[in-house]
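Keep in mind that this is a model prediction, so the values were computed, not measured. Side chains are part of it too, since the values below use all heavy atoms of this structure and drop only hydrogens, waters and symmetry mates.
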Amino acid sequence: HDWGEDFAQYIHQAINITKGIPQTETGVIVDENIPGVHIATRPVGFPLMLAPVYLLFGNSIKAFSILITFILILSCCALYIFYQTYFNKLISILLVLSFAYNPFTLNFKMEIMSDIPFTLLLVICLVFYSKKGEIKIIKYIIIGILVGLLISIRTIGVILLAAILIEDLINLYQNRIYSDARINIFIRMAIIFFTSLLIVISIESIFYTSIGRAYFASISFHNFFEILWMKLGYYLQIFQNYFMSGAGKFPWFALLTQWLIIILTIYGFIMKYRVKVDFIDIFVIIYLIALLFYPDIHSGMRFLFPVFPILLYYAATSFMTITIRSTLKRTILTLVLGLFILIPYSFSLANIVKHQNETLKGPQEKESIEAFEYIKNNLPSDAIIAFIKPRALALYTNRQGYIFRQQKPYQLIDRFKNHDDIYLLLNSELQDTSLENAIANYPDQVHLIWGNSRYRLYELKLFLVALST
């Protein structure tokens, strides 16, 4: 696995579930003033999915990766069912392939993250809810459970619940004359809302966690209009990159495909809203608006990933408006467009296959394993270690990790009063400007106790602290 921090947080929370330990006890020292470690926990839904794998196979990245691959396969099956509601089999298959074999999707498959599980549950929710019919209590209870689980995986899942509420309010207004229809709408709305709320509250109570409180607290309206256009441009660029990532030796080919898909998507989006706004449209509108309010735009691909299949749905909707009387000609045009999308992927797929046996730069590298093993075997169990990747450090060493943001090493004494075992860890390939400058400018405050070709482990000279005080 790479050095992405969230995977370590999810795995650590899964381990805590299996051991009955509170979700907040992951070994990371939370600092409200440091981005990235100001959130003590992630939503517990995804760690719940990882927990059985940990019980069976231990802390195995390979086992977790197989789980993510299996979830991606299920997501593709759910997407095919979703697309079949609106398009023929050929278009549905091509849309699923366009999503599944996109290099970004395959890169997400390599990450132990909540994106693919969230996408699976989101598509299942859309499939269940979109099939309207006579009132069925069991169906609404199932939808409520699914929505509750969706929120427990990623807090932004609450957008789906908001979309259901808005659509039902619109239906109530449209059916204000018909009492039977209004009663059915009230029943559906009440069952889904209270069932999902019950699931969320139950999960919070069982695991003593807070789903999304820190995320909602981070939402800010400061300078909102100043950065609005920047965010819109950024997300548009992310969408463009999604279809440009497999350019290979023929970037012009991928560029042509990119703009073709963008034009079809935008046109399909506008056309749908001009004809009739349905539940999926309401969800997409609210979801995209929510992204504009969330302050962190540097995780844009992660935020947009769950709605990419829906954006492909808009592109296919636009394509279906092209008038072609001959079934054979429409089939040929569909295949040609599908190949335009899929052929650029082949370059990235070949690169993935070529490097599939290489170890990514991260905790599984030989040098990292050596460093973490030394820390586990030689440092006190209550040691505090300043390191740029505190979650990964805590997961693989069972020691407390902290991101250093001081100017001098000795300032850690004020931060961690009455604590004697304080260390500083540097990785030459991970930039940590604050820690590097502190050690370079105040070498008399630390001494090197271990190192290899990539790591240097320092100990704070506490005896000098005592003399200086």
Side-chain angles (χ1 to χ4, degrees), residues 45-46 49-50 53 62-131 142-143 146-147 149-150 153-154 157 160 238-239 241-243 245-246 257 261 264-265 268 280 283-284 287 301-317 319-320 334-335 337-353 356:
F46 182 49
M49 301 173 75
L50 297 177
V53 177
K62 182 178 180 180
F64 292 133
S65 297
I66 292 173
L67 172 66
I68 297 298
T69 300
F70 177 69
I71 294 173
L72 177 60
I73 293 172
L74 292 180
S75 301
C76 291
C77 295
L79 274 173
Y80 178 77
I81 296 172
F82 171 74
Y83 290 137
Q84 270 269 268
T85 307
Y86 307 96
F87 313 112
N88 60 38
K89 291 183 179 180
L90 178 59
I91 292 178
S92 299
I93 291 173
L94 289 173
L95 288 173
V96 171
L97 292 175
S98 298
F99 169 75
Y101 286 99
N102 184 284
F104 272 111
T105 302
L106 296 179
N107 285 330
F108 273 109
K109 186 182 72 68
M110 297 167 60
E111 305 277 347
I112 314 302
M113 305 283 271
S114 63
D115 306 277
I116 291 177
F118 181 84
T119 302
L120 170 62
L121 265 180
L122 174 62
V123 175
I124 292 175
C125 288
L126 293 176
V127 170
F128 264 87
Y129 188 78
S130 296
K131 292 183 178 180
I142 292 174
I143 293 172
L146 290 172
V147 173
L149 293 174
L150 184 73
I153 292 177
R154 289 179 73 171
L160 188 67
I238 290 294
F239 183 63
N241 291 343
Y242 188 77
F243 294 101
S245 56
T257 303
I261 295 297
L264 286 174
T265 301
I280 293 175
F283 168 74
V284 171
Y287 190 95
M301 181 54 71
R302 290 197 63 199
F303 294 153
L304 282 179
F305 182 80
V307 296
F308 269 117
I310 304 176
L311 297 179
L312 288 173
Y313 151 81
Y314 284 116
T317 300
F319 173 75
M320 291 298 292
T334 302
L335 287 171
L337 180 59
L339 290 174
F340 258 83
I341 297 173
L342 294 173
I343 286 176
Y345 293 177
S346 61
F347 302 108
S348 289
L349 290 176
N351 189 56
I352 290 172
V353 172
Q356 62 180 337

Student check: side-chain heavy atoms of Ile68 and Phe108 closer than 4.5 Å: no
With a 4.5 Å limit on heavy-atom distance, are the side chains of Tyr86 and Ile91 in contact? no
Enter the distance from Ser75:OG to Leu121:CG here, rounded to the nearest 0.5 Å. 8.5 Å
Going by heavy atoms in the side chains, are Ile153 and Leu149 under 4.5 Å from each other? no
Over all heavy atoms of both residues, which pair between Ser92 and Gln84 is shortest? Give the atoms and the distance, please. OG-N, 3.4 Å
Do Ile112 and Ser65 touch side chain to side chain, with heavy atoms closer than 4.5 Å? yes
Where Phe46 and Met113 come nearest, the two heavy atoms and their spacing: CZ-O, 3.2 Å
side-chain contact (heavy atoms from CB on, under 4.5 Å) between Tyr314 and Val284, worked out: CA-CA 11 Å; Tyr314 284 116; Val284 171; 3.9 Å; yes
Residues Leu72 and Lys109: closest non-hydrogen pair is CD2-CD, 3.7 Å
Assess whether side-chain contact (heavy atoms from CB on, under 4.5 Å) is satisfied between Phe99 and Phe104, documenting all intermediate values. CA-CA 9 Å; Phe99 169 75; Phe104 272 111; over 6 Å; no
Report the C-alpha distance between Thr119 and Ile71 in whole Å, list the side-chain angles of each, state the deciding distance to 0.1 Å, and finish with yes or no for side-chain contact (heavy atoms from CB on, under 4.5 Å). CA-CA 9 Å; Thr119 302; Ile71 294 173; over 6 Å; no
Quick check: closest heavy atoms across Leu106 and Ala100, and the distance to 0.1 Å? CD2-O, 3.5 Å
Is there a side-chain contact between Phe283 and Leu122 in this structure, where contact means two heavy atoms from C-beta onward sitting under 4.5 Å apart? yes
Please examine the side chains of Leu160 and Leu126, heavy atoms only from C-beta on, and report whether any two atoms are closer than 4.5 Å. yes
Aromatic contact, Phe87 with Tyr80 (centres under 6.0 Å): no
For Tyr101, I'd like to know if atom OH has over 12 heavy atoms of other residues, nucleotides or ligands within 6.0 Å. no
